[in-house]
Enquirer: 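Attaching a single structure in structure tokens format; questions to follow.
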Amino acid sequence: MSREPAALQTAYRDAACGQVDASWVDKEMQIIGWVHRRRDLGGLFFVDVRDRTGLLQLSFGPDWSTSDALGLVAELNPEDVIQARGVVALRPDPNADMLTGEVELRVSELERVSVSDPLPILVYQPPEEDLPSEELRLQHRILDLRRPEMQHNLRLRHAATNAIRASLSEQGFCEIETPLLTRQTPEGARDYVVPSRVHKGQFYALPQSPQLYKQLLMCGGFDRYFQIAKCLRDEDLRADRQPEFTQIDVEMAFVRQDDVFNAAEQMFQRIWKDCMDRDLPGAWERLPHAQAMERFGTDKPDLRIPWEIQDFTDVLTGIGFGIFDATKSAGGRVRGFVVKGGASLSRSRVDAYNELAQEAGAKGALWLKRSEDAWSGQPSKVIGDDVSAELVAQFGIEPGDLVFLVAGEDDLTSRALDLLRRTVAHELDAVATDEEHWLWISEFPLYLKDAETGLPVPAQHAFTMPSNPDPDLIRDDPLSVTAVAYDIVYNGIEFASGSIRCHLPEVQRVILEATGLSPEEIEARFGFLLEAFRYGVPPHGGYAVGLDRVVAVMVGAASLRDVIAFPKTSAARGLLEQSPSNVDPAELKELGIRVDT
RNA sequence: GGGGCUGUAGCUCAGCCUGGUUAGAGUGCCGGUCUGUCACACCGGAGGUCGCGGGUUCGAAUCCCGUCAGCCCCGCCA
């Protein structure tokens, strides 16, 4: 991934442990590191000494070690820090599994630089034993971080940010920091809030993203900005969601969508090249949001799964199957997908998928199996020869295939079919894990309908350019308007999202008003942005990459916690530093805060 | 806010469903033997509030209720 500097030598060491190779043979040297494993053979001792570069075997024997060294080596604990001096020699019996397995350091003198207490969790990972529980790993994070996997993850993360800085800098971007102490803006998620001592009763908000600032920077004449930005959201956690996370935040002025796509593709190509030594294609596939929902039921489709959702309404209605006919007359559709070779799934399996569809909010999932000469499944009784022929012709259903069908409103069927498609594909091993799909999802709707109030709420954020910036259309039929907004989806994972921003103040006001905000509220919350828009706004847009997620994919981590040095638990606690914690009452008083518990 | 899984020796786990002598294994730790190991080997030893509280029972690691913590998911969150 990244090249080590040739010289890691310091006053304590002539080389790092993993750097010692045959070229060192017969040379006298000193080395320093942690005691990884010790093997005591009575008269001889072997110690594997470790630093982040790897392991080096030290050997101790009466013919080449001082008696002090022999006395000390017998007492070493795992994770003591030791410094050894001696001569490098070829091993009589090399260890091919070890990076430095050809050689060893025959130690003459040994010094214990730091003593380790007995370990609560081992750094050395016994074969075929599970890692210590996540709780203990986080509590004793410094020991956990010493493991090669964590070392690798965080160093690859570093390599990724290096590649990002290099690519963006070469493309003319300027890295600028924006405030952490800022003001609340209604951006969907709950804010973390910081009390002001100087202004009692008032609070700063920690940013959910630098969104407004980066747009202000565009207005401020920095036509290409980026930042590796900490973002904070006070929402419940998931394996792929931390309250504190990092975005590669990018914004460009004087651009249209294609310019942004091009810049982002270049950046990811650079990351993949520098960190994984792989060439990514540019000009990624583009899929409008509406099509993604139609064909895959989700705005982040995993294209490694071959099956696509299709519309069965015309073929399966009017043939005497009540559920389908009722769905159609209620304005719904019958949608489904064909599982190639899925007829081998057991009845109980298929029933379990029905329950899954119900959990997703659908009435249930019906199924159809085709064998050599017959159909089975709930609707099979009404499938005559005509319908059978139609199914085969239109959907390519072959003997041995299984079809899942969900009837209802598109919102519900999409959700259920997406969940089924992914679950069944994983269980049947139908995911082409050797493929990599980079995908732009574009033309997101500008608004979504709020389930409770029925009001349009911005689908992205409120500063997105409509595809058709017609104020009348936005006023009259806001939910029909699409936005110049896009996501990067990699194998079903949302890597990034962004948009072209609305630089037209009069359109921006209409967009905000359509969400039910009064002009006074708009002025109070976004006045500083609209003010900036009065003095010549460059057309601009950008995107933000979820760095933690990208790195997690690069290293194959199941959880973001494995690519963050000091992450929070799923209850948003820091186990190492024991956060959050109570605050001294005197301090609270100074802040003018009384705590109700 | 809701649902699910987990919690037993320093660590990783078995035992729990079907309650019953003294709660086991591996590893780590301590002591001993061993001059070419690399998961060193061999011998011996210590180590337990079965997360915590309550209940049922003659008897609870085991059954029930509550609670705490970790993990996963829904809600929430781009």
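Every chain is numbered from 1 and lettered A, B, ... according to where its sequence line falls, protein lines coming before strand lines.
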Enquirer: Taking only the P atom of each, what is the distance from B/G15 to B/C76 in whole angstrom?
Expert: 39 Å
Enquirer: Measure from CG on A/Asp548 to P on B/A78 and round the result to the nearest Å.
Expert: 16 Å
Enquirer: For B/C42, give its Watson-Crick or G-U wobble partner with both distances under 3.5 Å, or none.
Expert: B/G32
Enquirer: Starting from C1' on B/C38, measure out to CZ on A/Arg50 and report it in whole angstrom.
Expert: 16 Å
Enquirer: What integer distance in Å separates A/Lys300:NZ from B/C77:P?
Expert: 13 Å
Enquirer: Check the distance between B/C74's C1' and A/Leu356's CG and give it to me in whole angstrom.
Expert: 12 Å
Enquirer: Taking A/Arg241 first and then A/Asp236, would you say they form a salt bridge - that is, a charged N and a carboxylate O separated by under 4.0 Å?
Expert: no
Enquirer: B/G3 and B/G75: how far apart are their C1' atoms, nearest whole angstrom?
Expert: 11 Å
Enquirer: Please classify the nucleic acid contact of A/Leu55 as base, sugar-phosphate, or nothing, using heavy-atom distances under 4.0 Å.
Expert: nothing
Enquirer: Can you see if the side chain of A/Arg238 gets near the phosphate of B/C74 - specifically, an N or O under 4.0 Å from OP1 or OP2?
Expert: yes
Enquirer: Tell whether A/Arg106 reaches the base of B/G36 with its side chain through a donor-acceptor pair below 3.5 angstrom.
Expert: yes
Enquirer: Only pairs with both distances under 3.5 Å count, Watson-Crick or wobble alike; so what is the partner of B/C13 in this structure?
Expert: B/G24
Enquirer: Would you mind classifying the nucleic acid contact of A/Ala544 as base, sugar-phosphate or nothing, using non-hydrogen atoms under 4.0 angstrom?
Expert: nothing
Enquirer: More than 12 non-hydrogen atoms from neighbouring residues, nucleotides or ligands closer than 6.0 Å to NZ on A/Lys300, yes or no?
Expert: no
Enquirer: Does A/Glu104 get its side chain close enough to the base of B/G36, under 3.5 Å, for a donor-acceptor pair?
Expert: yes
Enquirer: For the side chain of A/Asp97 and the base of B/C38, is some donor closer than 3.5 Å to an acceptor across the two?
Expert: no
Enquirer: If we call it a pair only when both distances are under 3.5 Å in a Watson-Crick or G-U wobble match, what pairs with B/A61?
Expert: none
Enquirer: Nearest to the side chain of A/Ala189, which nucleotide is it out of B/C71, B/A78, B/G36?
Expert: B/A78
Enquirer: Would you indicate, yes or no, if B/C77 has its OP1 or OP2 atom less than 4.0 angstrom from a side-chain nitrogen or oxygen of A/Gln208?
Expert: no
Enquirer: Less than 4.0 angstrom from a charged side-chain N to a carboxylate O is my criterion; do A/Glu409 and A/Lys363 meet it?
Expert: no
Enquirer: When you compare B/C16 with B/U62, how far apart are their C1' atoms, in angstrom units rounded to a whole number?
Expert: 4 Å
Enquirer: Once hydrogens and angles are ignored, does a donor-acceptor distance under 3.5 Å link the base of B/G70 to the side chain of A/Arg573?
Expert: no
Enquirer: If we call it a pair only when both distances are under 3.5 Å in a Watson-Crick or G-U wobble match, what pairs with B/C71?
Expert: B/G4
Enquirer: Quick one: is A/Ser497 getting a side-chain N or O under 4.0 Å of the B/A78 phosphate, OP1 or OP2?
Expert: no
Enquirer: So does A/Arg39 get a side-chain nitrogen or oxygen closer than 4.0 Å to the phosphate oxygens (OP1/OP2) of B/C40?
Expert: yes
Enquirer: For A/Ser579 and A/Glu577, does a side-chain donor sit closer than 3.5 Å to a side-chain acceptor?
Expert: yes
Enquirer: By nearest atom, which of the nucleotides B/G36, B/C38, B/U12 is closest to the A/Phe46 side chain?
Expert: B/G36
Enquirer: Regarding A/Leu237, tell me which of base, sugar-phosphate or nothing describes its non-hydrogen contacts under 4.0 Å with the strands shown.
Expert: nothing
Enquirer: Of the options B/A78, B/C11, B/A69, whose atoms approach the side-chain atoms of A/Glu129 most closely?
Expert: B/C11
Enquirer: Does the B/U37 base have a donor-acceptor partner in the side chain of A/Gln57 within less than 3.5 Å?
Expert: yes
Enquirer: Of the nucleotides B/C40, B/C71, B/G75, which one has an atom closest to the side chain of A/Glu134?
Expert: B/C71
Enquirer: Would you please confirm or rule out a distance under 4.0 Å between OP1 or OP2 of B/G28 and any side-chain N or O of A/Arg37?
Expert: yes
Enquirer: I'd like to know if A/Glu128 reaches the base of B/G26 with its side chain such that a donor and an acceptor end up less than 3.5 angstrom apart.
Expert: no
Enquirer: Could you give the distance separating B/A61 and B/A23 at their C1' atoms, to the nearest angstrom?
Expert: 8 Å
Enquirer: Mind checking if A/Pro120 touches a base, just sugar-phosphate, or nothing, with heavy atoms under 4.0 Å?
Expert: sugar-phosphate
Enquirer: Mind calculating the distance between CG (A/Asp40) and P (B/C38) to the nearest angstrom?
Expert: 13 Å
Enquirer: If I take atom CD in residue A/Glu135 and atom C1' in nucleotide B/C71, what distance separates them, rounded to the nearest angstrom?
Expert: 10 Å
Enquirer: I'd like to know if A/Arg241 reaches the base of B/C77 with its side chain such that a donor and an acceptor end up less than 3.5 angstrom apart.
Expert: yes
Enquirer: What is the distance, rounded to the nearest whole Å, between atom CG of A/Leu58 and atom P of B/U37?
Expert: 17 Å
Enquirer: Base, sugar-phosphate alone, or nothing: which one does A/Tyr124 contact when heavy atoms must sit under 4.0 Å apart?
Expert: sugar-phosphate
Enquirer: I'd like to know whether the aromatic ring centres of A/Tyr490 and A/Phe268 sit less than 6.0 Å apart in this structure.
Expert: no
Enquirer: Assess whether a salt bridge exists between A/Arg415 and A/Asp418, defined as any Lys/Arg side-chain N lying under 4.0 Å from an Asp/Glu carboxylate O.
Expert: no
Enquirer: Please tell me which of A/Arg549 and A/Leu575 maps to the more 5' nucleotide of RNA chain B, matching each residue to the nucleotide holding its nearest heavy atom.
Expert: A/Leu575
Enquirer: Hey, is the side chain of A/Arg561 poking within less than 4.0 Å of OP1 or OP2 on B/C72, counting only N and O atoms?
Expert: yes
Enquirer: Check the phosphate of B/G70 against A/Thr569, side-chain N and O only, distance under 4.0 Å to OP1 or OP2. Yes or no?
Expert: yes
Enquirer: Whole-Å distance between B/C77 C1' and A/Gln460 CD?
Expert: 14 Å
Enquirer: If I pick the P atom on B/U56 and the same atom on B/C11, what distance separates them, to the nearest angstrom?
Expert: 33 Å
Enquirer: For A/Pro567 and A/Leu138, which heavy atoms make the closest approach, and how far apart are they?
Expert: CG-CD2, 3.7 Å
Enquirer: Pick the nucleotide of RNA chain B nearest each of A/Leu44 and A/Leu119; which residue has the one closer to the 5' end?
Expert: A/Leu119
Enquirer: Taking 4.0 angstrom as the limit, do A/Asp258 and A/Arg256 come out as a salt bridge?
Expert: no
Enquirer: Would you mind classifying the nucleic acid contact of A/Asn95 as base, sugar-phosphate or nothing, using non-hydrogen atoms under 4.0 angstrom?
Expert: base
Enquirer: Can you tell me, in whole Å, how much space there is between the P of B/C40 and that of B/U21?
Expert: 38 Å
Enquirer: Can you tell whether the side chains of A/Glu244 and A/Lys230 come within less than 4.0 Å, N to carboxylate O?
Expert: yes
Enquirer: Would you mind classifying the nucleic acid contact of A/Pro78 as base, sugar-phosphate or nothing, using non-hydrogen atoms under 4.0 angstrom?
Expert: sugar-phosphate
Enquirer: Which whole number of Å gives the distance between the C1' atom of B/U8 and that of B/G48?
Expert: 8 Å
Enquirer: C1' atom, B/G28 versus B/G47: distance in rounded Å?
Expert: 11 Å
Enquirer: Step through it carefully: locate the ring centre of A/Trp284, locate the ring centre of A/Phe261, and say whether they are under 6.0 Å apart.
Expert: no
Enquirer: Can you tell me which nucleotide in B/A78, B/C71, B/U12 comes closest to the side chain of A/Ser133?
Expert: B/U12
